[in-house]
Amino acid sequence: MKLVEPAKTIEIIKENNFAFQKKYGQNFLIDGRVLEKIVDAAQVSPEDFIIEIGPGIGTLTQALCERGAKVLAIEIDKKLIPILEDNLKGYENIEIINDDVMKLDLNRLIEEKNENRPVKIVANLPYYITTPIIMSLFEKNVPMISATLMVQKEVAQRMQAGPGSKAYGALSLAVQYYSVPEITANVPQNCFIPRPNVDSAIIRLNRRNEPPVRTDDEKLLFAVIRAAFCQRRKTLQNALSNSAELSVSKEAAANAIEKAQLPPLVRGEALRLEEFADLANILAKEKTGIGV
Ligand code: SAM
């Protein structure tokens, strides 16, 4: 029987006396159509090596195994390990690791288990740690083709947003620097047990081979972006010169904004990634930013 069936999930929870851990963001999927949507969005095939973050009782893991992919599932909650092992004992293409994904060296693991070939990440992510997990996958340069993730709907919208929208911010730019995001489905609260108090969405992040902009100093680019959105109602000039992370005077900020051919009173929320990159490159040349 499929683990995603609500009656089956409830039976497993009762039989094992399993108590949901709020601190681990445990909301288990109980909707078979949503499950298929995740696996379809990830375009899972028998050639794939998949890393699943947070398998829970193995609901999504089972669907990934059924598609014939090799699956490595990383679960933090040790109480779930015997349950997972029991639920997935019929499959040979699964390995379970009991660890915190934030503490694991995924690059080393991929080298060891998949000869460094790029993997697909698939996960119904715990809400409390969504952004740190995504940013760490990108910043540590984990070899991956794509990450297909269930996340809080607002977070998915922020990742996909462009200039001029309220959802646009530092997360949009960071995600779009490393990948091409695509929301593939919205998921209501009643598809999970326990029911979360926010809606969710499935988003696929297709990893780029190269960043879409040229930057002389990546660290400075992201410091400029963070400064611009830290005080998003302020003009870019004020936001840059008020930033503790950057050491840019008001004059230097005004100068760089002019050189980048931006309006003097522009706000950061109006800038595209290319414009942030130009601005950061100008600041790097003027030697007015950090790390220069
Ligand atoms: N994949 C299951 C499903 O779809 O029903 C469970 C998803 S649930 C939203 C998130 C899972 O991530 C939980 O099983 C939780 O224990 C696990 N988890 C939370 N923090 C984690 C971490 N830092 N590393 C690995 N797993 C984690």
Side-chain angles (χ1 to χ4, degrees), residues 3-4 6 9-10 12-13 16 18-31 34-35 37-39 41-42 50-64 71-84 87-88 94-106 109 119-140 142 144 146-159 171 174-175 179 181 183-205:
L3 300 167
V4 74
T9 296
I10 291 165
I12 290 167
I13 287 162
N16 291 280
F18 178 74
F20 287 98
Q21 297 274 349
K22 218 173 169 191
K23 67 171 177 184
Y24 289 148
Q26 290 174 341
N27 301 96
F28 297 163
L29 190 60
I30 49 162
D31 187 302
V34 173
L35 185 65
K37 282 185 188 173
I38 303 176
V39 180
I50 304 231
I51 295 190
E52 189 197 356
I53 302 166
I57 60 164
T59 309
L60 176 54
T61 330
Q62 183 182 44
L64 297 169
V71 185
L72 182 70
I74 304 163
E75 173 56 59
I76 197 170
D77 187 350
K78 67 173 187 298
K79 295 217 170 85
L80 284 169
I81 303 303
I83 302 177
L84 273 167
N87 287 345
L88 300 168
I94 171 74
E95 185 177 344
I96 300 159
I97 296 183
N98 179 208
D99 214 328
D100 177 347
V101 71
M102 294 302 286
K103 293 192 181 142
L104 267 182
D105 183 347
L106 287 184
L109 211 57
V119 302
K120 287 182 179 173
I121 309 280
V122 182
N124 171 13
L125 283 181
Y127 294 143
Y128 78 102
I129 199 177
T130 302
T131 307
I133 291 178
I134 294 171
M135 289 319 298
S136 131
L137 291 173
F138 287 139
E139 284 166 1
K140 291 188 180 146
V142 171
M144 64 177 184
S146 61
T148 304
L149 309 168
M150 173 98 73
V151 298
Q152 191 179 328
K153 189 174 164 189
E154 281 70 26
V155 178
Q157 287 168 338
R158 277 164 50 204
M159 289 195 256
L171 181 66
V175 166
S179 73
I183 295 177
T184 63
N186 288 324
V187 180
Q189 298 163 16
N190 59 8
C191 295
F192 304 91
I193 174 174
R195 196 186 152 122
N197 46 20
V198 291
D199 286 329
S200 300
I202 301 167
I203 189 165
R204 188 181 60 237
L205 310 175

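A quick note: this is a predicted structure, and the numbers were derived from the prediction, not measured. For the single chain, residues carry numbers from 1 onward in sequence order.
Sorted by first and then second residue, the side-chain hydrogen bond (donor to acceptor under 3.5 Å, both in side chains) pairs with a member in residues 120-133 read Asp48-Lys120, Tyr127-Ser200; sequence neighbours excluded.
Gln26 is listed as a side-chain neighbour of Phe18, based on a closest heavy-atom distance under 4.5 Å.
Partners of Asp77 by salt bridge (Lys or Arg N to Asp or Glu O under 4.0 Å), not counting sequence neighbours: none found. Residues passing the salt bridge (Lys or Arg N to Asp or Glu O under 4.0 Å) test with Glu154, sequence neighbours excluded: none. Residues satisfying the ring-ring contact (aromatic ring centres under 6.0 Å, His included) criterion with Phe192, sequence neighbours excluded, are absent altogether. Under the salt bridge (Lys or Arg N to Asp or Glu O under 4.0 Å) criterion, Arg158 pairs with no residue at all, not counting sequence neighbours. Partners of Pro194 by side-chain contact (heavy atoms from CB on, under 4.5 Å), not counting sequence neighbours, listed by chain and number: Phe20, Asn27.
Contact record, Thr61 with Ile94: CG2-CD1, 3.4 Å, taken as the closest heavy-atom pair. Between Leu29 and Thr59 the shortest heavy-atom distance is O-CG2, 3.6 Å. Residues Val122 and Ala42 share a closest heavy-atom pair of CG2-CB, 3.8 Å. Heavy-atom minimum distance, Ala185 versus Lys37: CB-CD, 3.9 Å.
Taken from CD1 in Ile76 to CG in Asp100, the straight-line distance is 4.0 Å, to the nearest 0.5 Å. Separation of atoms CG (Asn98) and NZ (Lys78) is listed at 8.0 Å; rounding is to 0.5 Å. Between Leu35 atom CG and Leu60 atom CG the span is 6.0 Å, to the nearest 0.5 Å.
A donor-acceptor contact shorter than 3.5 Å is absent between the side chain of Asp199 and the backbone of Lys153. Judged by distance alone, with hydrogens and angles left aside, the side-chain atoms of Thr184 form no donor-acceptor pair with the main-chain N or O of Ile38 at under 3.5 Å.
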